[in-house]
There are 2 protein chains.
Amino acid sequence: MVSETAPPTLSTVASRAGVSRQTVSNALNNPELLRPETLDRVLGVIAEVGYTPNRAARQLRSGNSRLIGLRFEPAQEGTANALMDRFLHTLVESTRETGHQILLFSGDPEDPLDGYDDLLRSTAVDAFVLTDTYAGTPQAAWLQDRDAPFVAFGRPWDDPRAHHAWVDVDGAAGARLATAHLLEQGHERIGWLGWERSSRIGEDRRTGWKAAMSRAQKPTERLGGRLTDNADAARMAAHERIGIGATAFVCASDTMAVGVLRALEERGLRAGTDIGVVGFDDSAVAQVTGLSSVRQPLEDVAVEVVRLLHETLAGAPAPEQGTVLAPSLVVRGSSVSG
Amino acid sequence: MVSETAPPTLSTVASRAGVSRQTVSNALNNPELLRPETLDRVLGVIAEVGYTPNRAARQLRSGNSRLIGLRFEPAQEGTANALMDRFLHTLVESTRETGHQILLFSGDPEDPLDGYDDLLRSTAVDAFVLTDTYAGTPQAAWLQDRDAPFVAFGRPWDDPRAHHAWVDVDGAAGARLATAHLLEQGHERIGWLGWERSSRIGEDRRTGWKAAMSRAQKPTERLGGRLTDNADAARMAAHERIGIGATAFVCASDTMAVGVLRALEERGLRAGTDIGVVGFDDSAVAQVTGLSSVRQPLEDVAVEVVRLLHETLAGAPAPEQGTVLAPSLVVRGSSVSG
DNA sequence: GTCACGTGCTGGAACGTTCCAAGGCTAGAC
DNA sequence: GTCTAGCCTTGGAACGTTCCAGCACGTGAC
């Protein structure tokens, strides 16, 4: 059984410092109201007894919990995991500076709204961070309808009613970077291996490839592919396109890029020297296999999310425009000859 | 600005149902005290107005927050991340069933104790989960001294004073599995590539390799290596050992196993067919590169951690023995010929 | 000397819940 | 009919904080 002594309260500190409760409270929250010598004395006692305000009491009275809710989706093993991890780390780190903490919760996988309602009604969190606002997810609209503060990582693709703070990474720019890099390496027939048309993110990235190709006045017919996110599908698609003269590939994911590498092995071709390959997301796999890859600035995204959260909680209206951050290209052996 | 109507409280529900506050409270917390018809009526009103108890108030009065603290360390890019991710997902998922949620916090990287104290003194969390209790980390002893409830993922290697609930994965068994598998494949000179002697986890895994080898009466001289966790170090160590006749390798990490694969490429040898390789942790890299690997049952660890947490919070004394779970071996092409 | 004012501090009230002691009511025993 | 017991329900108190109104005191203006 736990036998610790009860933590000191405002009253404890107050009586030891010879002042009232309220004065101790002010010492912490409005120090400018105290005479310097009183302030010193009170802070001294606070330090001495190791007083820390009780969160529940503070939350009950003041109405905010200093907690940010984040629904942590059931894991799909793969790169998405690792991305989330990088994002989450910076999120935790930068909320520390605003005095907030991250509350992870889960919900019924069948119901994308499960969990939010409870936290909201029990006033357990001050705001939410959304991380999966691809087209069609209802969370943003639902929270917006309830005037619940939140910031989304991911733009509201085709919801004109959406009017909330968001941050996203410019996927088209990433694909453009990758394509331009391959063009610079002298490639002319550069293929695109991306996701199904239903993926807004995938289509966005695809436009980057298209734009870079057309600016360079290179053809794209039969070079673009829409596949499921799967190494084997990519392997086969790569074979087809190499057959019609493709000498390089930009892929919507590292998983697909790995499929291309397999195709090269099967043909006895060397990545980089013979065929250029660039993946997307700079996963551990890319780092280990020497795969060039587009890297999302997840750390910057997290910092920006926290900044917007701060503004939103301070009552600022949602910015007219969301923030779009540019990814970078990490060049490794798979896209340069030598 | 937020213009939502104030959430309903116990009193709201009480007056609408024509009962007292306390009766509504009992309807939720001690329903057996109410007459069935009263219970029905009250629950009806609760559902109708969408009442959810205010967390802060409940926490203030009852003294527990239903929150579990987890210090989320600054990311070191690599496999450790992905491991943590798998663990965390299941942790979040299974705490849902006990009505708890996970509070992530961070702290000064220089001070392994930073953050814990604040949460404890502000009574913000009911307990902690520790995830990095390798030899020499002070968190466990510190929490134990303060009678703070916690469960550790990782055993207290050499602290005889330690007396707390913990769960760990049997690293030696994992290495044994991998070694036995390679022996079955007909290998006799099987090398070990592990970490420095200072790593307790590394030494534990190493004993598994040693034990399997000596049981099969195979020599281990000059076949074991203690390196930094780095593909290039592993690559060089593999070359040396292949030079003295090693035909297979068990590695303490997938990163090292990738180093071995590189060495094989450089020699024109094929993994699986010519030289057997098994990694550790079943990372995304292993999955993509067809690397056999020892997989930690992180999901089971998380479930067990939550179970122990539950017991600890119910006042049960720490079990005499920690729980040690067995890993499994995921066989892929790198360890079987054909 | 009175009044107005600003500074520094105080004490009661309130946030919404659960604990606790006690009240009303019904039923059974005598 | 009275008493006792048990069931269901109630209202006051308390958790520890912050909000708010107000008090005591000293200073300067008239």
Side-chain angles (χ1 to χ4, degrees), chain A residues 4-43 45-46 49-67 99 118-124 126, chain B residues 4-43 45-46 49-67 99 118-124 126:
Chain A
E4 66 211 52
T5 51
T9 72
L10 274 186
S11 302
T12 319
V13 176
S15 63
R16 284 185 69 137
V19 294
S20 70
R21 274 191 335 269
Q22 185 57 42
T23 300
V24 181
S25 174
N26 284 338
L28 292 171
N29 301 320
N30 304 90
E32 74 281 2
L33 291 179
L34 301 205
R35 215 171 36 195
E37 70 186 59
T38 313
L39 182 58
D40 281 355
R41 183 158 40 97
V42 173
L43 291 180
V45 175
I46 286 177
V49 303
Y51 168 75
T52 306
N54 180 300
R55 284 223 195 178
R58 175 174 272 188
Q59 177 177 352
L60 176 59
R61 181 66 243 221
S62 68
N64 55 27
S65 62
R66 317 242 68 176
L67 252 39
D118 265 356
L119 289 173
L120 215 47
R121 285 198 313 222
S122 61
T123 67
D126 291 347
Chain B
E4 66 211 54
T5 52
T9 71
L10 274 187
S11 302
T12 319
V13 176
S15 63
R16 284 186 69 137
V19 295
S20 70
R21 274 192 333 271
Q22 184 58 40
T23 299
V24 182
S25 174
N26 284 337
L28 291 171
N29 302 319
N30 305 90
E32 75 282 2
L33 291 180
L34 301 206
R35 215 171 36 194
E37 69 185 60
T38 313
L39 182 59
D40 280 355
R41 183 157 41 97
V42 173
L43 290 180
V45 176
I46 287 177
V49 302
Y51 167 75
T52 306
N54 180 301
R55 283 222 196 179
R58 174 175 273 189
Q59 177 177 351
L60 175 59
R61 181 64 242 219
S62 69
N64 55 25
S65 62
R66 318 243 67 178
L67 254 37
D118 266 355
L119 288 174
L120 215 47
R121 284 198 311 223
S122 62
T123 67
D126 292 346

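So that the names make sense, note that chain A is the first sequence line, chain B the second, and so on, each numbered from 1.
- Between A/Tyr51 and A/Val45, every side-chain heavy-atom pair lies at or beyond the 4.5 Å cut-off.
- Atom CG in A/Asn30 sits roughly 13 Å away from atom P in C/dG8 (whole-Å rounding).
- Residues satisfying the side chain to side chain donor-acceptor pair (under 3.5 Å) test with A/Ser122, not counting sequence neighbours, are none.
- Among residues at least two apart or in separate chains, salt bridge (Lys or Arg N to Asp or Glu O under 4.0 Å) pairs with a member in residues 10-19 of chain A are A/Arg16-A/Glu48.
- Residues passing the side chain to side chain contact (heavy atoms under 4.5 Å, CB included) test with B/Asp118 are A/Thr52, B/Arg121, sequence neighbours excluded.
- Across the helix from C/dG1-D/dC30 to C/dC30-D/dG1, the helix axis at one end is tilted relative to the axis at the other end by 60° (nearest 10 degrees, each axis from five pairs).
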Can you list, pair by pair, the side-chain donor-acceptor contacts under 3.5 Å of residues 17-31 of chain B, counting residues two or more places apart and other chains?
unit_1, atom_1, unit_2, atom_2, d
B/Ser20, OG, B/Thr23, N, 3.4
B/Ser20, OG, B/Thr23, OG1, 3.1
B/Gln22, NE2, B/Asn26, OD1, 3.2
B/Ser25, OG, B/Asn29, ND2, 3.4
B/Asn26, ND2, B/Gln22, O, 3.4
B/Asn29, OD1, B/Arg58, NH2, 3.2
B/Asn29, ND2, B/Ser25, O, 3.4

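- Where B/Pro36 and A/Asn54 meet DNA chain D, the nucleotide closest to each residue was compared, and B/Pro36 sits on the side nearer the 5' end.
- Against DNA chain C, the stretch residues 59-66 of chain A makes heavy-atom approaches under 4.0 Å through A/Leu60, A/Arg61.
- A search for side chain to side chain contact (heavy atoms under 4.5 Å, CB included) contacts involving A/Arg61 returns nothing, not counting sequence neighbours.
- Side chains of A/Ile46 and A/Leu43 form a contact here, defined as non-hydrogen atoms less than 4.5 Å apart.
- Looking at residues 17-28 of chain A, you'll see A/Val19, A/Ser20, A/Arg21, A/Gln22, A/Thr23 sit with a heavy atom under 4.0 Å from some atom of DNA chain C.
- Every side chain to side chain contact (heavy atoms under 4.5 Å, CB included) that A/Thr9 has, sequence neighbours left out, goes to A/Ser11, A/Thr12.
- By the side chain to side chain donor-acceptor pair (under 3.5 Å) test, A/Arg41 pairs with no residue at all, sequence neighbours left out.
- Side-chain atoms of B/Gln59 never come within 3.5 Å of backbone atoms of A/Arg55 as a donor-acceptor pair (strictly under, hydrogens ignored).
- To the nearest 0.5 Å, the span separating OG on B/Ser65 from CG on B/Leu60 amounts to 12.0 Å.
- Summarising the geometry, the separation between CG on A/Leu39 and P on C/dT7 is reported as 17 Å, rounded to the nearest angstrom.
- The CG atom of A/Leu120 sits 10.5 Å away from atom CG of A/Asp126, with the distance rounded to the nearest 0.5 Å.
- Judged as a side chain to side chain donor-acceptor pair (under 3.5 Å), and not counting sequence neighbours, the contacts of A/Asn64 are A/Ser62.
- Interface limits on DNA chain D: the 5'-most and 3'-most nucleotides within less than 4.0 Å of chain A heavy atoms are D/dG16 to D/dC20.
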